[in-house]
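Okay, structure first, notes after.
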Amino acid sequence: MSGTPFQRAVWDALKRIPEGRVTTYGDLAAYLETRAVRAVGTAVGKNPYAPDVPCHRVVRSDGHIGSYSGEGGVKRKISLLASEGVHVSAGRVRDFAEKRHRFV
DNA sequence: AGGGCGGCAGTTG
DNA sequence: TCAACTGCCGCCC
């Protein structure tokens with residue numbers, strides 16, 4: 001099981017996000033040249049390579065932490081981000097604009 | 001500030 | 001195989 005081409009494209013994009021940075025589902029969709037933002041979210045959640053593919057570095061376009069279907073849920077997502085220097089308070093990423101990674 | 005609809009891949013009946 | 005529902009969202013009403 002290695003996922004569909006679409007999922008692999010999403011996961012591959014995730015690996016391009018540097019540590020300590022985050023991106024949004026919208027940016028991900030734009031990078032993949034699709035408007036299927038929800039589909040992107042679904043693909044991210046299906047990621048089977050937990051730590052290797054940093055699915056926790058994907059947040060909402062408004063800076064909110066979003067959701068997390070992996071072990072520990074949102075709590076875990078926040079912990080992982082915190083360990084990289086990305087702090088979350090009140091469900092929001094601090095200095096979101098600065099931490100936001102742009103695919104070039 | 002809140003709620004609802006929209007576009008798309010995957011999964012399930 | 002076909003149709004319908006769901007999902008780590010986003011944007012407009």
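Letters A, B, ... mirror the listed sequences (proteins, then strands); counts begin at 1. No hydrogens, no waters, no symmetry mates; every other heavy atom, side chains included, goes into these values.
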Check your understanding: Which part of the nucleic acid does A:Ala39 contact within heavy-atom distance under 4.0 Å: base, sugar-phosphate only, or nothing?
Key -> base
Rounded to the nearest angstrom, tell me the gap between atom [atom1] in [X] and atom [atom2] in [N].
X	N	atom1	atom2	result
A:Lys46	C:dG7	NZ	C1'	8 Å
A:His64	B:dG2	NE2	P	12 Å
A:Ile78	C:dC8	CD1	P	16 Å

Check your understanding: Are A:Val53 and A:Tyr25 joined in one hydrophobic group, where the rule is that I, L, V, M, F, W and Y side chains link up if heavy atoms are under 4.5 Å apart?
Key -> yes
Review point. In the single-linkage hydrophobic clustering (I, L, V, M, F, W, Y; side-chain heavy atoms under 4.5 Å), do A:Phe103 and A:Val93 co-cluster?
Key: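 Per the 4.5 Å side-chain linkage, A:Phe103 and A:Val93 are not co-clustered.
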Check your understanding: If you measure from the P atom in C:dC8 to the same atom in B:dG2, how many Å do you get, rounded?
Key ->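 Each nucleotide's P atom is 22 Å from the other's.
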Exercise for review: Using Watson-Crick or G-U wobble geometry with both distances below 3.5 Å, tell me the partner of B:dG6, or none.
Suggested key: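 C:dC9 - that is the nucleotide pairing with B:dG6, both distances being under 3.5 Å.
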Exercise for review: Would you mind reporting whether A:Tyr49 and A:Cys55 have side-chain heavy atoms less than 4.5 Å apart?
Suggested key: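 A:Cys55 vs A:Tyr49: side chains apart.
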Exercise for review: Could you tell me the separation between the CG atom of A:Leu14 and the CZ atom of A:Arg57, rounded to the nearest 0.5 Å?
Suggested key: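 A:Leu14 CG to A:Arg57 CZ: 9.0 Å, rounded to 0.5 Å.
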Revision key, fill the gap. So CZ of A:Arg94 and NZ of A:Lys99: to nearest 0.5 Å the spacing works out to 10.0 Å
Under 3.5 Å, N/O pairs linking protein and nucleotides 9-13 of chain C:
{"residue": "C:dG10", "atom": "OP1", "partner": "A:Gly26", "partner atom": "N", "Å": "3.3"}
{"residue": "C:dG10", "atom": "OP1", "partner": "A:Ser61", "partner atom": "N", "Å": "3.2"}
{"residue": "C:dG10", "atom": "OP2", "partner": "A:Ser61", "partner atom": "N", "Å": "3.1"}

Exercise for review: For DNA chain C, find the residues of residues 69-77 of chain A with a heavy-atom distance under 4.0 Å and give them by number; none if there aren't any.
Suggested key: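 Residues of residues 69-77 of chain A under 4.0 Å from DNA chain C: A:Ser69, A:Lys77.
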